[in-house]
Amino acid sequence: MKKIKYLRCSKCGRTYDESIPYHCPVCGTVGTLDVVFDIDEVKKELTKEYLLNNEDRSIWRYFPILPLETRKGIAPLHIGFSPLYKATRLEEKLNIKNIYIKDEGRNPTASLKDRASAIGVAKAIELGKTTIAAASTGNAASSLSGFAACMGIENYIFVPKTIPEGKLAQLLVFGSKVILVDGNYDTAYDFCLQAVEHFEWYNRSCAINPYLVDGKKTVAFEIIEQMNFNVPDKIIMSVGDGCSISGAWKGYKEFYELGLIDKLPTLVSVQATGANPVNRAYRSKKREFDYEVPNTIADSISVGIPRNGYKALNALYESNGIAIDVTDEEILEAMTYLARHTGVFGEPAGVAGFAGLLKLVREGMIEPNETVVLVVSGNGLKDIKSATQAVKRPEVIKPNLTDLITYINEEVKGRV
Ligand SMILES: *Cc1c(COP(=O)(O)O)cnc(C)c1O
Ligand SMILES: [Zn+2]
């Protein structure tokens with residue numbers, strides 16, 4: 001059975017067979033490719049019964065609609081089937097009927113990127129590649145690093161020198177060859193492209209490699225199954241390059257085409273005010289991006305040139321989506337708010353979506369009877385420095401009870 005029909009350029013719509021390794025040869029690197037599956041073929045295997053009887057609680061249960069021929073490159077790390085929590089305390093507080101939280105920080109290297117890296121490494125092994133490279137703001141890097149370590153694949157990682165320590169530590173502990181680039185993510189990305197060409201490495205950068213978004217789409221498949229094939233009104237995600245949100249959209253569309261769900265959700269794209277090229281383009285109904293130097297505390301979405309911008313825009317236009325920007329202050333506020341009402345601690349980009357939800361509520365853009373899914377894309381422990389900016393560090397006190405009583409009365413209770 002041949003699952004893949006063709007690869008289609010997200011910019012011009014031209015189609016290609018799989019001999020094209022990365023992007024559309026006509027559009028260049030902005031012409032990222034969508035993997036279009038032969039739904040009639042896939043349908044023969046991937047049915048509701050197949051899913052209900054499948055005991056594999058990982059992304060590999062979706063193998064019939066993943067862009068791999070063989071299972072030989074599948075890492076034993078457990079990816080996917082992260083929990084979907086019903087956030088009852090938030091529902092009460094925000095007066096929304098149903099709020100679900102998908103905790104992607106529960107993946108092996110603690111972010112949603114693991115879904116893409118799992119496919120990237122498996123694909124590299126399938127194609128017989130021995131060295132993989134990627135540019136990343138941090139999470140795609142630490143994720144590739146972990147999967148490559150697991151499968152014993154040499155890898156080069158290009159990251160901006162401002163990468164949070166937690167993510168850098170992951171790379172070094174996993175034993176990647178780390179290229180710490182003097183510049184921001186945009187610089188690191190272009191530099192990595194140059195190096196990949198020169199050294200003929202396999203490129204795992206999410207935008208350029210057509211297959212990785214198909215890893216990310218599994219987040220949508222899982223949400224659908226975890227909600228018993230019901231579809232929420234809105235699905236809220238933070239957006240940098242645009243791979244994650246277009247992945248979620250692809251997932252919803254494919255399950256729709258397979259007849260597993262009967263409607264599609266509205267996408268909400270949340271970007272930082274200081275790095276909002278996708279949202280700017282969408283709001284001004286454009287199909288091109290203008291560059292501004294990115295500036296936000298949310299490093300994972302600190303992107304000036306959205307490398308999967310067309311896929312993200314297509315997804316937003318098709319879903320009649322909503323684009324909302326949040327400030328760094330709102331992101332930090334959202335971090336503690338979410339943690340204190342759900343027990344889920346996300347990194348700044350991980351909670352940016354929640355900052356967006358708070359804003360939708362404030363601006364009356366959400367009805368009380370709606371069902372909302374919020375994807376928390378990365379774990380808070382990855383970036384402790386930002387987290388500590390959201391809170392006040394306690395004073396050191398002497399271990400005596402009198403001092404403690406005074407301290408509790410004056411300090412702790414006095415605090416918000
Ligand atoms: C990569 C990432 C995002 C954004 O995904 P894009 O595909 O770049 O839009 C959001 N949150 C976290 C934690 C990420 O690592
Ligand atoms: Zn093209």
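It should be emphasised that the depicted structure is a prediction, and the values quoted were computed from it without experimental measurement. Counting starts at 1 for both ligands and their atoms, in listed order. Counting from 1, the numbers follow the sequence of the chain as shown.
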Top protein contact for [atom], by heavy-atom distance:
atom	answer
atom 8 (O) of ligand 1	Asp241 N, 2.8 Å
atom 11 (N) of ligand 1	Ser377 OG, 2.6 Å
atom 5 (O) of ligand 1	Ser244 OG, 2.8 Å
atom 10 (C) of ligand 1	Ser238 OG, 3.2 Å

Counting backbone and side-chain atoms alike, does His23 have an N/O/S atom under 2.8 Å from the Zn ion (ligand 2)?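 Coordinating: no.
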
Under a 4.0 angstrom heavy-atom cut-off, which atoms of ligand 1 come close to Lys216?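 Those qualifying, in numeric order: 7 (O).
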
Give the numbers and elements of all ligand 1 atoms closer than 4.0 Å to a heavy atom of Cys243.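 Those atoms are 6 (P), 7 (O), 9 (O).
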
Arg307 near ligand 1, heavy-atom distance under 4.0 Å?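 Under 4.0 Å: no for Arg307.
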
Lys/Arg-Asp/Glu bridge criterion (N-O < 4.0 Å) met for [X], [Y]:
X	Y	result
Glu347	Lys167	yes
Glu41	Lys44	yes
Lys250	Glu254	yes
Glu154	Lys177	yes

Lys285, NZ: over 12 other non-hydrogen atoms inside 6.0 angstrom: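 Counting other residues, nucleotides and ligands, NZ of Lys285 stays at 12 neighbours or fewer.
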
Mind listing the closest non-hydrogen atom pair of Lys217 and Asp214 along with its distance?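 Looking at all heavy atoms of both residues, the closest pair is NZ-OD1, 2.8 Å.
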
To which of Lys311, Met237, Lys113, Glu104 does the heavy atom nearest atom 2 (C) of ligand 1 belong?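 It is Lys113 that holds the nearest heavy atom.
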
Would you check whether [X] has a nitrogen or oxygen atom less than 3.5 angstrom from a nitrogen or oxygen atom of ligand 1?
X	answer
Gly378	no
Gly240	yes
Ser111	no

Counting heavy atoms only, which part of Ile301 comes closer than 4.0 Å to ligand 1: side chain, backbone, both or neither?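 Within the 4.0 Å criterion, Ile301 contacts ligand 1 through side-chain atoms alone.
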
Using the rule side-chain contact (heavy atoms from CB on, under 4.5 Å), only one of Ile39, Leu51, Asn54 pairs with Leu46; which is it?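 Going through Ile39, Leu51, Asn54 one by one, the side-chain contact (heavy atoms from CB on, under 4.5 Å) with Leu46 is satisfied by Leu51 alone.
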
Atom CD1 in Ile79, atom OG1 in Thr218: separation rounded to 0.5 Å?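 Nearest 0.5 Å value for the CD1-OG1 distance: 8.0 Å.
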
Got a second to check how far Asn279's CG is from Arg283's CZ, nearest 0.5 Å?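 Spacing of CG (Asn279) from CZ (Arg283) equals 5.0 Å.
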
